[in-house]
Every structure is written in C-alpha cells, then in structure tokens.
2 protein chains.
Amino acid sequence: MGMTLDEILPDLRRQSVDVRHAETGLWAASMLRDRISAGQLAPGAKLSEEPLCEVLGVSRNTLREAFATLAREHVVTRIPNRGVFVTRPTADDIREIYRVRRFLEPAALTWSTDYTTDALHAAIARARSAHTDGSVPGMASANQDFHAGVVALTGSDRLNAQMTQVLAEMRLVFHSMVADPLFHAPYIDDNAIILAKFEAGERSEAAALMVDYLRRAEQQLLEAHARARAATRHPLAQTGAQRAYGTR
Amino acid sequence: MGMTLDEILPDLRRQSVDVRHAETGLWAASMLRDRISAGQLAPGAKLSEEPLCEVLGVSRNTLREAFATLAREHVVTRIPNRGVFVTRPTADDIREIYRVRRFLEPAALTWSTDYTTDALHAAIARARSAHTDGSVPGMASANQDFHAGVVALTGSDRLNAQMTQVLAEMRLVFHSMVADPLFHAPYIDDNAIILAKFEAGERSEAAALMVDYLRRAEQQLLEAHARARAATRHPLAQTGAQRAYGTR
DNA sequence: TTTCTGTGTATTGTTCAACAATCTCTGTAA
DNA sequence: TTACAGAGATTGTTGAACAATACACAGAAA
C-alpha cells in the first residue's frame with residue numbers, strides 16, 4: 001500500500017506487453033484506475049507523463065486522454081503546468097461524498113421498483129465472514145458492495161455510475177488515512193437492519209435509518225481525517241508530491 | 001435550428017480567433033457543447049475532425065480531448081473508426097433520463113436542508129411571462145431552470161452536475177423531434193403547486209406530485225418520440241449520418 | 001542566518017506530420 | 001438486383017518538436 005511510482009513501474013510494464021487495445025486511451029485509464037483503487041498509487045502521488053507512457057507503451061497524447069478520463073472521475077487531479085496527481089481527498093470532499101450518498105441511497109430505498117435483494121444479502125454475508133476472518137479489506141469491500149447494491153435497485157445506469165464514482169473516491173479517503181480496523185464492524189448490523197426494513201415494506205423507515213447511518217459514518221471519517229491531517233503536518237512526513245498538491 | 005455542419009462553420013470561426021485558452025481541450029468542448037445545446041448542430045450530425053479543428057484553430061489531438069469530454073456527457077456519441085456524432089436520443093435514453101430525474105428531484109424535495117426558493121419562484125415567473133409571450137424556447141428554458149433549481153437545493157456539486165447533464169440530454173430530445181408548442185404550458189402550474197407544497201413543509205406531498213409530474217412528462221415525450229421516429233422512417237429523410245448512427 | 005532574486009533545467013501544454021487500421025463509396029461482374 | 005473488389009477518405013495512434021510554465025539551486029542583499 002502506498003508504494004511510490006517507481007516501485008510499481010515494473011508491475012505495470014508486465015501487464016502492458018502485447019495487449020491489443022481498441023481504445024488505447026480508455027485502456028490506459030482503466031490500468032491506472034485499478035492501481036489507484038488498490039492503493040498501490042497512494043493519494044498525493046505524482047503521475048509523471050514520461051515514465052508512465054514508457055511503461056504503458058502508449059504515447060504521451062494517448063496517456064493524456066487517459067488522464068482526462070480519470071480527472072473527470074475525480075480520481076486524479078490536474079494542476080496546470082504542474083502535472084497530474086492521485087487525488088488527495090479533503091474534508092470538503094468527504095462532506096460532498098456523503099451529501100451525494102445521503103440523497104442517492106435513501107432515494108433508492110424509497111422509490112425503487114426493484115425488489116431483488118439477493119445481492120444485498122450476499123454482501124452482508126460476505127461482510128460477516130470477513131469480520132470473523134478479521135479481514136479489514138474484505139469488510140470494506142463487502143460494505144461497498146452493499147451500498148452499491150442499494151443504488152442498483154434504481155435500475156439506472158447513470159445513478160449507478162455516479163455511485164461507483166463516489167465509492168471510488170471513498171477508497172481514496174481510506175487510503176489517505178490510517179485505517180481503523182474497527183471502522184466497518186459496527187455498520188454490518190446497521191446494513192442488515194436497513195435491509196430488513198426495506199424487505200418488510202417499511203421504506204421510509206429504511207431510508208431514515210440509512211440517513212442516520214451515513215451521518216454517523218461521515219462524522220467518524222471526518223474525525224479520522226482531521227487526525228490524519230494533524231499527524232502529517234510534520235514537515236518530515238511530507239514528500240515533494242504532497243507539498244506540490246498542497247495541504248489546502 | 002438543425003443547420004448542417006457547413007452552415008455554422010463560419011460562425012464558429014468567428015468566435016475562435018484570438019482566443020487565449022488555458023485549457024484548450026475544455027474550451028473546444030464548451031464551444032461545441034453550446035452549439036449542440038442551441039440546436040445548431042442537430043442530433044445525428046456528424047462532427048468530422050478535419051473541418052472542425054481547422055475552424056476552431058486547434059489540433060486534432062486537442063479536438064479529440066474535447067470529444068472525449070462530450071462523449072462522457074452523452075452529448076456526443078463515438079463510433080470507433082466511424083466518427084463522432086451528436087447523440088440522437090433513443091426511447092431508452094428518454095426512459096433513463098426520467099429514471100434519474102424521478103430519483104433526484106423527489107429526493108431533493110424530501111431531504112434538502114436548504115430552504116432558499118427565490119430562484120424557483122423566479123423560474124416560474126419567467127415561465128409564465130414566456131407563456132403569455134408565446135415563446136416556446138422561453139418556456140422550455142424556464143422550466144429547466146425550475147427543475148435544476150430543485151436539485152440545487154441539495155447543495156451538492158456532483159448532483160447538480162448530473163442534473164445539468166441530464167437536462168442537456170433533454171434538450172437533445174427536444175431538438176430531435178418536432179416541438180409541440182403546448183408541451184410545456186400545462187406543467188407551469190404543476191411546478192407552482194409543487195413549490196407551494198414544499199414551502200408549506202409538506203415535503204412528501206411535494207415529492208409525490210413531482211413523481212407524478214415526471215411520469216406524465218415522460219409518457220408524453222415517449223409518444224412524441226415514437227411519432228417522430230415513424231415520420232423519419234422514410235428512407236428519403238435519412239442522411240448518411242443518421243444511417244451511420246443507426247435507428248437502433 | 002534569512003530572504004530575495006535570477007538563471008538553468010525539467011516538465012507540461014499544444015501542435016504538426018506521418019502511418020496503420022478501418023470504413024465508405026463506386027463500379028463491375030454475376 | 002445482389003455480391004464483391006478496390007480506391008479513396010476518415011479515424012486511431014504515434015513520435016517529435018517547440019513554447020510556456022514551474023522547480024531547484026546558486027548567489028546577492030538585509
């Protein structure tokens with residue numbers, strides 16, 4: 001986690017030999033997106049054009065198309081004449097993420113016409129087993145699956161895309177602070193209760209519980225973010241890229 | 001409305017001389033977006049790279065960055081090795097647009113914490129005066145402002161962006177069919193009633209009325225779309241670009 | 001020491017020209 | 001009429017070039 005650009009270059013190179021790409025720009029974008037999502041490219045890391053296009057085997061023009069795609073997804077932040085950096089979410093970003101989720105997820109619970117909850121039950125089961133295994137990434141992933149599944153009830157591609165994007169930003173938030181192993185645990189039961197209410201047809205109750213859940217999670221993340229921010233105020237902990245991106 | 005590419009080339013050229021652009025790709029995108037939004041580039045029109053970059057004064061690479069931006073917004077559709085076309089909304093697109101709106105707008109009315117309704121009143125007033133003036137574009141624009149204003153109550157940049165995008169697609173729908181002059185008129189009073197309920201604190205009633213409004217509007221547009229589709233089935237009415245994009 | 005200031009170097013922003021891949025169109029033959 | 005083949009046009013991608021900007025470092029002034 002949080003490897004430098006140099007460390008993952010060989011890894012990227014391995015995957016980029018002999019790959020035929022119909023849409024090279026999109027292919028390069030998904031390549032980078034996966035690394036960032038996995039935390040191998042940590043928030044604040046600078047994505048220099050030259051080494052990247054050498055390693056991916058694409059031209060600078062194509063790489064810039066990939067950057068444009070990722071920038072629109074807020075996965076990457078472009079600073080003119082400075083370069084492209086993995087987005088380091090701010091407190092305002094966290095508030096915005098939860099603002100979106102507080103409208104999207106209750107709305108899905110309230111007005112969706114889809115009653116297929118298999119995926120939701122499966123996500124909760126996965127979260128529970130990850131909990132007994134003590135797998136923090138497993139719990140995080142299963143939790144995301146549950147909430148993505150809630151929005152999937154809308155049946156709308158665009159709303160799903162928006163949720164996917166917001167959850168990707170959530171992963172950036174987790175990667176940019178020390179993960180509390182107990183963060184996800186209390187929410188598993190919350191999800192189960194919300195699902196039960198939804199299946200019982202008590203939609204407004206389910207929605208209200210969801211709003212409450214999201215408020216608590218937001219509060220907890222904002223506090224963790226403030227602590228992480230205070231911890232990295234030490235000049236020694238700042239890399240060049242971090243300074244470049246700013247601690248705004 | 002619905003001019004060919006050749007007809008608006010001189011117009012575009014006029015605006016593109018001596019313009020300093022910090023982000024040329026985004027500038028070119030907004031240039032094209034404006035033309036499409038105004039209906040000067042009709043749905044189905046092909047956007048050839050060479051004449052466009054000549055006229056905009058940007059290179060093909062930069063123009064392609066603009067295309068990538070517009071494609072993500074669904075304003076433009078890219079067909080590999082065929083080219084870029086102004087999106088011609090399908091019936092499914094209309095259904096998807098209203099699916100998004102039926103979640104976003106009621107959610108805003110139900111859970112927003114912002115009570116500033118000045119912009120909403122102003123939009124209704126503008127719609128009424130456009131109605132007495134018999135200005136169909138004025139009514140359409142004021143109606144869009146009202147619904148954009150509802151989502152603006154959420155205070156979320158991302159939800160606003162999503163709504164803006166969906167409304168841009170709505171304009172494409174209007175441009176791709178014969179506009180019924182009476183389409184918007186009946187909805188002005190609906191908006192006023194919804195606003196009154198919202199201000200009276202009867203949020204779930206306001207949301208319910210909004211859902212009803214959106215269902216009726218969707219139905220009406222789908223019927224108009226089916227009629228327009230039947231009318232353009234005549235082979236003579238099809239241009240090359242239309243065939244290329246397909247009547248899928 | 002600290003702060004300022006100027007210069008050189010590295011990186012990004014944009015354009016141009018080229019080539020391969022693919023599609024469209026036209027004309028011919030069955 | 002339909003099928004097919006080839007020429008021409010357009011898109012997809014690359015590589016190199018140059019201007020504009022930011023970063024790092026050295027030296028001068030306070």
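Every chain is numbered from 1 and lettered A, B, ... according to where its sequence line falls, protein lines coming before strand lines. Note that the coordinates shown come from a computational prediction; the quantities given were computed from them, not determined experimentally.
Classification of B/Glu169 and A/Arg158 as a salt-bridged pair holds, one side-chain N sitting under 4.0 Å from a carboxylate O. A salt bridge is absent between B/Arg78 and A/Glu23; no separation between the charged side-chain nitrogens and carboxylate oxygens falls under 4.0 Å. With respect to B/Arg60 and B/Glu50, no salt bridge is recorded, no charged nitrogen being found less than 4.0 Å from a carboxylate O. With respect to the salt-bridge test (charged N to carboxylate O, under 4.0 angstrom), the residues A/Glu65 and B/Arg64 qualify.
Listed nucleotides C/dG13, D/dG12, C/dT12 differ in distance to A/Lys46; the shortest reach to its side chain belongs to C/dT12. Taking the side chain of B/Glu49 as heavy atoms from C-beta on, and the options C/dT15, D/dT11, C/dG13, the nearest nucleotide is D/dT11. Comparing D/dG15, C/dC16, D/dT11 by their nearest atom to the side chain of B/Asn61 picks out C/dC16. Considering only side-chain atoms of B/Val58, the nucleotide from C/dT15, D/dT11, D/dT13 that sits closest is C/dT15.
Annotation for B/Leu47 and B/Phe67: closest pair O-CZ, 3.8 Å, computed over non-hydrogen atoms.
Judged by distance alone, with hydrogens and angles left aside, B/Arg82 brings no side-chain donor or acceptor close enough to the base of D/dG12 to form a pair under 3.5 Å.
As a whole-Å value, the separation of A/Glu23 CD from D/dG12 C1' is 8 Å. Between B/Leu63 atom CG and D/dT10 atom P there is a gap of 14 Å when expressed in whole angstrom units. Nucleotide C/dT12 holds its C1' atom 14 Å from the CG atom of A/Leu47, rounded to whole Å. Note: CG (A/Leu56) to P (D/dT13) measures 14 Å, nearest angstrom. Between the CH2 atom of A/Trp27 and the C1' atom of D/dG12 there is a distance of 15 Å, given to the nearest Å. Counting to the nearest Å, the C1' atom of C/dT12 and the CZ atom of A/Phe67 are 11 Å from each other. Distance CZ (B/Arg64) to C1' (D/dT10): 11 Å, rounded to an integer number of Å.
Dashed line: the shortest gap from a side-chain N or O of A/Ser59 to OP1 or OP2 of D/dT13 is not under 4.0 Å.
Ring centers of B/His184 and B/Phe174: under 6.0 Å apart, within the cut-off.
Here the CD atom belonging to B/Gln165 is positioned 14.0 Å from the CE atom belonging to B/Met170, to the nearest 0.5 angstrom.
Checking B/Asn81 against A/Pro80, the closest nucleotide of DNA chain D that is more toward the 5' end is the one next to B/Asn81. Of the residues near DNA chain D, A/Thr62 and B/Glu50, the one whose nearest nucleotide (by heavy atom distance) lies more toward the 5' end is B/Glu50. Across the interface with DNA chain C, nearest-nucleotide mapping of B/Glu65 and B/Arg60 shows B/Glu65 to be the residue nearer the 5′ end.
Five base pairs at each end of the helix from C/dT1-D/dA30 to C/dA30-D/dT1 define two local axes, and these are offset by 20° (rounded to 10°).
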